[in-house]
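Just so it is clear: chains get the letters A, B, ... in the order the sequence lines come, proteins before strands, and each one is counted from 1.
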Number of protein chains: 2
Amino acid sequence: MDYWFTDSLPYLLNRAGVALGETFSRRIARYDVTLPMYRVLAILRQTGPKSLGELSSLVSVEMSTLSRMIGTMAKAGQVTRIRPPENGRVVSIEITAKGAALADELMQIAMQFERGILGDMDAAAAEELKTLLRQISQRIDRL
Amino acid sequence: MDYWFTDSLPYLLNRAGVALGETFSRRIARYDVTLPMYRVLAILRQTGPKSLGELSSLVSVEMSTLSRMIGTMAKAGQVTRIRPPENGRVVSIEITAKGAALADELMQIAMQFERGILGDMDAAAAEELKTLLRQISQRIDRL
DNA sequence: GCGCAAATGTTTCAGTTGCAAGTATCTACG
DNA sequence: CGTAGATACTTGCAACTGAAACATTTGCGC
């Protein structure tokens, strides 16, 4: 046997991802923000308005799910939906001042969290890890 | 700004994990097996019978969800639930011959899939990546 | 310009999930 | 022994999800 499932990339990736996600979710739960919501806030905050479709692929969430999520975030005053006059099909999602403030606060927590995880890990190794993860995503998209 | 969300570890990890999972799921869909089911089969196949609780933590799935999943897998004749006489609380999940054959077939696909992903990536780099992922999981469990 | 296909979101509905409560078994302690 | 508490799993129920149907807008071919 030259293949060990528990040494396979998808398994290890899923395991680490779920563990990270659960832990971080608990840490931001008191803000009444779920992890995917945080991702939306962070991306809007750092890269400006996005259409639903763009957001969907950026945060890896189904568009129908995201549509509803944006609805509740809009109700909470964190984002707004805008129909740009130049293209009535698209919905541009923009972050509000309130949402931006929240995003800033949460990103502080995320920074600390990531530092805690990478901790004493070699900085170069961490960078290498990230590069590999990016390569993997790209490779799959192209597959 | 010294923090870029889309360069953060949880984001990259989730992105790669979701992409990998979706692609592989599609590839095994014709066997009527979901990705978590495949994980259960592969683990049982390679490491022998496990209790529900053990399986739950190994495949990162809630026990209640897993309990129902094992129910449908049992109906499909892939696994059996056994109450060990020496401990009536536990349910030992064992893979059947049919399940084992299926697991073998799916693991072949998984091997090819992983080779396709890692592709021309440096073997040492891939090993390093896996080591880092293991470290991250451990570090979180201990956190 | 007009009709029709494609693009982009939203809604509906059936199926799934996760939490909390329930059940069964075991263990420890008086 | 008997009973309180812990452990391991299952089930009920409300909330959530994804696929498909729907609605709206745009752009293409004629």
> Stepwise, does the side-chain contact (heavy atoms from CB on, under 4.5 Å) test hold for A:F5 with B:T47?
Replying inline: CA-CA 10 Å; A:F5 171 70; B:T47 69; over 6 Å; no
> Which residue, A:D122, A:L12, A:L129, forms the side-chain contact (heavy atoms from CB on, under 4.5 Å) with B:L132?
Replying inline: A:L129
> Between atom CG in B:L35 and atom P in D:dT17, what is the gap in whole Å?
Replying inline: 18 Å
>> Go through it in stages, so that I can follow the logic: the residues are B:L13 and B:L133, the test is side-chain contact (heavy atoms from CB on, under 4.5 Å), and I'd like the CA-CA distance, side-chain angles, deciding distance and then a yes or no.
In response: CA-CA 9 Å; B:L13 215 53; B:L133 289 175; 3.6 Å; yes
> Between A:M73 and A:I93, does a side-chain contact (heavy atoms from CB on, under 4.5 Å) hold up when you go through it step by step?
Replying inline: CA-CA 10 Å; A:M73 291 175 74; A:I93 317 294; over 6 Å; no
>> If hydrophobic clusters are built from ILVMFWY residues whose side chains come within less than 4.5 Å, do B:Y38 and A:V18 share one?
In response: no
Could I get a table of every N or O pair under 3.5 Å where one atom is in the protein and the other is in nucleotides 23-26 of chain C?
residue : atom : partner : partner atom : Å
C:dT25  : O3'  : B:G88   : N            : 3.3
C:dC26  : OP1  : B:G88   : N            : 2.4

> Rounded to whole angstroms, how far apart are CD on B:E54 and P on D:dT7?
Replying inline: 16 Å
> Is there side-chain contact between A:M37 and A:V40, with heavy atoms separated by less than 4.5 Å?
Replying inline: no
>> My understanding is that only one of B:S64, B:S67, B:S92 makes a side-chain contact (heavy atoms from CB on, under 4.5 Å) with B:L52; could you say which?
In response: B:S67
> What parts of residues 60-75 of chain B reach DNA chain C, counting only heavy atoms under 4.0 Å away?
Replying inline: B:E62, B:S64, B:T65, B:R68
>> Can you see if the side chain of A:R81 gets near the phosphate of C:dT10 - specifically, an N or O under 4.0 Å from OP1 or OP2?
In response: yes
> Can you find a heavy atom in the side chain of A:R15 that is under 4.5 Å from one in the side chain of B:V59?
Replying inline: no
